[in-house]
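Let me begin by presenting the structure, written as structure tokens, before commenting on it.
Any value given below was found using the heavy atoms of this structure, including those in side chains, with hydrogens, waters and symmetry copies removed.
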Amino acid sequence: MRYADGPTATVEITIEAPPERVWELVTDIGLPARLSPELRQVEWLDGATGPAVGARFEGRNVHEAVGEWRTHSRVEVLDAPKLFSWAVVSARPDRNPDFARPMATWSFALEPLADGTGTLLRQTARMGPAPSGITPFIEKAPEREEQIVAARLDRLRTNIEATLRGVKALAEERESRP
């Protein structure tokens with residue numbers, strides 16, 4: 001897969017808690033920073049104090065091959081308790097944020113289980129269309145683009161799995177309390 005194709009990593013998990021409880025967790029933008037191996041810190045921007053369509057937040061990330069970087073995100077969809085989606089752009093001061101062409105789009109999608117016992121939680125990360133942290137690696141070795149994209153998708157899946165396992169543990173812990 002090539003970067004221009006909008007490569008996507010999606011992972012899902014079943015959680016024995018109602019969608020409303022899972023929603024509380026996934027819309028807490030600070031939670032993934034506690035659970036993800038790459039995202040380290042998140043804070044609301046421009047006076048925002050919680051999720052709302054158009055609200056922006058900054059993320060601070062780290063990766064052994066890329067180093068540290070910051071991003072700005074904007075909430076694009078907030079449809080409780082079904083879908084929370086945000087677009088990610090570079091936080092570099094020399095770039096105007098173009099949320100119409102993000103370097104990534106992330107989302108949490110929640111579905112109640114048919115038997116009424118819990119929630120199917122799906123997290124998705126889609127790369128592009130704007131350049132991202134892997135773009136310089138692709139530019140240096142265009143013949144390896146598919147391998148570079150595949151490696152990034154693998155890392156994203158690993159990070160998403162860690163986040164979803166953490167959400168599951170927190171949601172089910174609360175549900176099991178008397």
Could you check whether any side-chain heavy atom of [X] comes within less than 4.5 Å of a side-chain heavy atom of [Y], counting everything from C-beta outward?
X: Phe57; Y: Asp46; answer: no
X: Trp86; Y: Val53; answer: no
X: Arg74; Y: His72; answer: no
X: Leu121; Y: Lys168; answer: no
X: Pro81; Y: Pro18; answer: no
X: Leu83; Y: Leu110; answer: no
X: Arg56; Y: Pro97; answer: yes
X: Arg152; Y: Leu156; answer: yes

Please report the closest heavy-atom contact between [X] and [Y], naming both atoms and the distance.
X: Ala171; Y: Val22; value: CB-CG2, 4.3 Å
X: Ala9; Y: Ile160; value: O-CD1, 3.8 Å
X: Glu146; Y: Arg2; value: OE2-CG, 4.3 Å
X: Val75; Y: Ala52; value: CB-O, 3.2 Å
X: Pro136; Y: Ser132; value: CD-O, 3.5 Å
X: Leu35; Y: Ala162; value: O-CB, 3.7 Å

Would you give the length of the straight line joining atom [atom1] of [X] to atom [atom2] of [Y], rounded to the nearest 0.5 angstrom?
X: Leu113; Y: Ile15; atom1: CG; atom2: CD1; result: 9.5 Å
X: Arg34; Y: Leu39; atom1: CZ; atom2: CG; result: 11.5 Å
X: Trp44; Y: Ile29; atom1: CH2; atom2: CD1; result: 4.5 Å
X: Lys82; Y: Thr119; atom1: NZ; atom2: OG1; result: 13.0 Å
X: Ile134; Y: Met127; atom1: CD1; atom2: CE; result: 4.5 Å
X: Glu145; Y: Met1; atom1: CD; atom2: CE; result: 11.0 Å

Who passes salt bridge (Lys or Arg N to Asp or Glu O under 4.0 Å) against Arg144, sequence neighbours left out?
-> none

Is the shortest distance from a Lys or Arg side-chain nitrogen in [X] or [Y] to a carboxylate oxygen in the other one below 4.0 Å?
X: Arg21; Y: Glu173; result: no
X: Asp154; Y: Arg157; result: yes
X: Glu43; Y: Arg70; result: no

Say whether, by atom type as modelled, one donor and one acceptor occur between the side chain of [X] and the main chain of [Y] under 3.5 angstrom.
X: Asp115; Y: Thr117; answer: yes
X: Ser36; Y: Ala33; answer: no
X: Asp28; Y: Gly30; answer: yes

Arg40, CZ atom: more than 12 neighbouring heavy atoms under 6.0 Å = yes

Considering residues, nucleotides and ligands other than Glu143, do more than 12 of their heavy atoms fall under 6.0 Å from its CD?
-> yes

Intermediate values then yes/no, side-chain contact (heavy atoms from CB on, under 4.5 Å), Leu31 and Val42 = CA-CA 9 Å; Leu31 183 62; Val42 181; over 6 Å; no

Derivation and outcome, side-chain contact (heavy atoms from CB on, under 4.5 Å), residues Tyr3 and Ile138 = CA-CA 9 Å; Tyr3 189 83; Ile138 293 170; 4.0 Å; yes

Of Thr163, Val167, Ile13, Val11, which is the lone residue that meets side chain to side chain contact (heavy atoms under 4.5 Å, CB included) with Gln123?
-> Thr163

Under 30°, 30 to 60°, or over 60°: which ring-plane class applies to Trp69 and His63, parallel, tilted or perpendicular?
-> tilted

Same apolar cluster: Phe99 and Leu78, side chain cutoff 4.5 Å = no

ILVMFWY cluster, Val149 and Phe137 together (side-chain gap under 4.5 Å) | yes

Would you kindly say whether Asn61 and Glu38 are connected by a side-chain donor-acceptor distance under 3.5 Å?
-> no

Tell me, with the steps shown, if Trp23 and Phe84 meet side-chain contact (heavy atoms from CB on, under 4.5 Å).
-> CA-CA 9 Å; Trp23 181 257; Phe84 176 42; 3.9 Å; yes

side-chain hydrogen bond (donor to acceptor under 3.5 Å, both in side chains): pairs with one or both residues in residues 97-111, sequence neighbours excluded = Glu111-Arg122

